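Below is one structure; the comments refer to it alone.
In what follows, every chain begins at residue 1, and chains take the letters A, B, ... in the order their sequences are listed. Please read all numbers here as calculations on a predicted model, not as lab measurements.
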Protein chains: 2
Amino acid sequence: MKTEAVDGTAGDRPRRTSEATKAAILAAARSRFAEQGYERTTIRGVAADAGIDASMVMRYFGSKEQLFEAALAIDLHLPDVRDVPPDRVPALFIRHFLDRWEGDPTDDALLVLLRSAVTNDQAAARMRDIFARQVAPAVAAALPPGPDAPARAALVSAQLLGLALTRYLLRLPPALALTPEQIEELYAPALTAVLTSR
Amino acid sequence: MKTEAVDGTAGDRPRRTSEATKAAILAAARSRFAEQGYERTTIRGVAADAGIDASMVMRYFGSKEQLFEAALAIDLHLPDVRDVPPDRVPALFIRHFLDRWEGDPTDDALLVLLRSAVTNDQAAARMRDIFARQVAPAVAAALPPGPDAPARAALVSAQLLGLALTRYLLRLPPALALTPEQIEELYAPALTAVLTSR
DNA sequence: TCACGATGTCAACAGACGTTGGCCAACAAC
DNA sequence: GTTGTTGGCCAACGTCTGTTGACATCGTGA
């Protein structure tokens with residue numbers, strides 16, 4: 001029944017398994033989408049990075065749009081802050097956010113999402129979905145319940161996404177010059193203000 | 001020497017003056033770049049909006065890239081806050097920023113710039129230039145001089161651009177639901193925090 | 001009247017793109 | 001060995017793109 005190797009390590013490599021190729025394509029796609037956005041990324045380019053022919057990309061993912069869709073899968077792994085002292089929450093969010101952006105240089109997922117969401121409706125919709133399912137609940141857990149909780153969550157998101165925008169996309173020199181510690185120190189009071197004002 | 005009409009108003013209009021055509025092209029280009037970004041905007045599309053042939057766009061602007069460059073010219077008209085009481089500055093910045101984005105629906109300049117700057121290096125460079133020449137000095141005028149003034153200016157920019165990002169680009173529902181007054185109320189303390197912390 | 005410059009159209013090129021279908025070679029099962 | 005399946009390449013399609021150059025039209029000044 002099964003055709004894949006039993007030991008999973010593929011001792012001598014006669015040919016690549018389709019799963020490995022699919023993963024290679026996806027990794028190449030993420031990298032290209034992250035650096036060039038949706039429009040300037042070409043299937044031929046992705047295929048070249050993955051060391052195969054462009055038609056293989058079509059076979060495995062159906063179309064460029066479906067490949068893009070597959071590249072957008074993201075779990076932010078936001079921390080649960082229900083048991084964190086309120087005055088520590090902003091710094092924790094900032095630290096987690098920077099870690100997610102700078103921790104693993106091979107993980108371009110957030111860059112793909114943000115860069116694409118600005119010009120691509122499909123990616124923007126995905127972003128709204130991630131906000132509603134992951135960000136808003138996580139921020140709400142740090143707030144006294146109230147009717148303006150979603151608004152505060154949105155403004156905290158604006159602050160963090162604005163940070164990513166100026167630092168990783170626009171690369172404003174002063175934003176690049178800051179260390180994560182300095183950002184935490186200067187920016188945490190601003191998050192606190194949004195979370196606690198009134 | 002001069003071939004243009006003396007009275008400048010072109011009383012009866014035999015044909016369009018080149019200046020009018022250039023302006024029509026530029027307006028069409030701004031609108032398309034704002035809505036679709038650089039890559040998906042086509043010269044043929046811009047020309048159609050302006051009611052002329054694509055080759056005219058080339059004649060007047062040389063290339064798509066130069067047309068784009070021309071569409072990026074922006075003056076933020078930031079207020080001078082040197083004589084404004086410090087506790088009023090954040091609300092003033094927010095108000096001015098929202099006015100600039102929502103005041104004139106035919107003025108897409110900021111949308112062009114932000115949407116393009118995320119995927120286009122040329123636009124990102126322009127953004128850095130605008131930050132350095134217009135934003136940083138304006139914010140610095142609201143601060144006691146110090147070595148971290150540029151960093152604070154960058155973080156203020158991050159907050160305002162993040163607001164534009166979530167509200168006008170990503171269109172997060174809670175960010176869209178807020179009135180300018182509510183934004184001012186909820187967000188001004190956050191700007192204050194960045195400007196005055198420590 | 002005639003020529004000329006300015007405004008504009010039209011047709012085409014050359015390259016890149018997403019996508020398709022046919023073919024090949026290696027492996028597994030019988 | 002034969003056969004079917006799997007991973008992969010190749011050539012081509014139709015379309016769209018930026019860009020170019022030849023040609024038309026019209027108002028104006030000599």
Side-chain angles (χ1 to χ4, degrees), chain A residues 1-8 10-29 32-33 36-71 116 119-120 122, chain B residues 1-26 28-29 32-33 36-71 116 119-120 122:
Chain A
M1 300 298 179
K2 304 205 165 188
T3 59
E4 74 186 71
V6 179
D7 64 350
D12 52 351
R13 39 199 70 255
R15 263 200 304 184
R16 214 158 33 163
T17 160
S18 75
E19 287 309 312
T21 300
K22 255 182 114 160
I25 294 172
L26 205 50
R32 291 241 170 193
F33 283 135
Q36 314 180 321
Y38 181 80
E39 337 284 343
R40 290 170 45 196
T41 294
T42 70
I43 294 215
R44 283 172 167 86
V46 169
D49 288 356
I52 49 160
D53 187 85
S55 61
M56 294 300 289
V57 177
M58 301 299 295
R59 187 178 313 202
Y60 286 134
F61 289 91
S63 70
K64 182 181 179 180
E65 224 174 285
Q66 288 173 265
L67 173 62
F68 184 56
E69 181 74 23
S116 313
T119 44
N120 185 291
Q122 192 180 349
Chain B
M1 300 300 179
K2 304 206 165 188
T3 60
E4 74 186 72
V6 178
D7 64 352
T9 60
D12 52 351
R13 39 198 68 256
R15 265 200 300 185
R16 214 156 37 160
T17 158
S18 75
E19 286 309 312
T21 300
K22 256 182 112 158
I25 293 172
L26 204 51
R32 290 241 170 194
F33 283 136
Q36 314 180 322
Y38 180 81
E39 337 285 343
R40 291 170 44 197
T41 294
T42 69
I43 294 211
R44 283 173 170 85
V46 169
D49 288 357
I52 48 158
D53 188 85
S55 60
M56 293 299 287
V57 177
M58 300 299 296
R59 173 131 59 200
Y60 285 134
F61 290 90
S63 71
K64 182 182 179 181
E65 221 173 291
Q66 288 172 267
L67 173 63
F68 185 57
E69 181 75 25
S116 312
T119 44
N120 186 291
Q122 192 181 350

Touch class at under 4.0 angstrom, heavy-atom based, for Tyr60(B) against every strand present: sugar-phosphate
Quickly work out the [X] [atom1] to [N] [atom2] distance and round it to whole Å.
X: Ile25(B); N: dT9(C); atom1: CD1; atom2: C1'; value: 14 Å
X: Lys22(A); N: dT6(D); atom1: NZ; atom2: P; value: 13 Å
X: Met56(B); N: dA6(C); atom1: CE; atom2: C1'; value: 9 Å
X: Ile52(A); N: dC10(D); atom1: CD1; atom2: P; value: 13 Å
X: Arg40(A); N: dT17(D); atom1: CZ; atom2: C1'; value: 15 Å
X: Tyr38(A); N: dC17(C); atom1: OH; atom2: P; value: 13 Å
X: Arg16(B); N: dT25(D); atom1: CZ; atom2: P; value: 19 Å

Which pairs, protein N/O on one side and nucleotides 19-23 of chain C N/O on the other, fall under 3.5 Å?
| from | atom 1 | to | atom 2 | distance (Å) |
| --- | --- | --- | --- | --- |
| dT19(C) | OP2 | Lys64(A) | N | 2.9 |

N/O (side chain, Ser18(B)) to phosphate O (OP1/OP2, dT7(C)) under 4.0 Å: yes
Sidechain-backbone polar pair: Arg32(B) side chain, Asp49(B) backbone, donor-acceptor under 3.5 Å: no
Any donor-acceptor pair under 3.5 Å from Lys64(A) side chain to Tyr38(A) backbone: yes
Most 5' of Glu19(B) and Thr42(A) on DNA chain C, judged by nearest nucleotide: Glu19(B)
Side chain to side chain contact (heavy atoms under 4.5 Å, CB included) involving Gln122(A) - partner list, sequence neighbours excluded: Glu65(A), Phe68(A), Glu69(A), Asn120(A)
Sub-4.5 Å side-chain heavy-atom contact between Thr119(A) and Glu39(B): no
Straight-line distance of Gln66(B) CD to Tyr60(B) OH, nearest 0.5 Å: 15.5 Å
Nearest heavy atoms of Phe33(A) and Ser116(A), plus distance in Å: O-OG, 4.5 Å
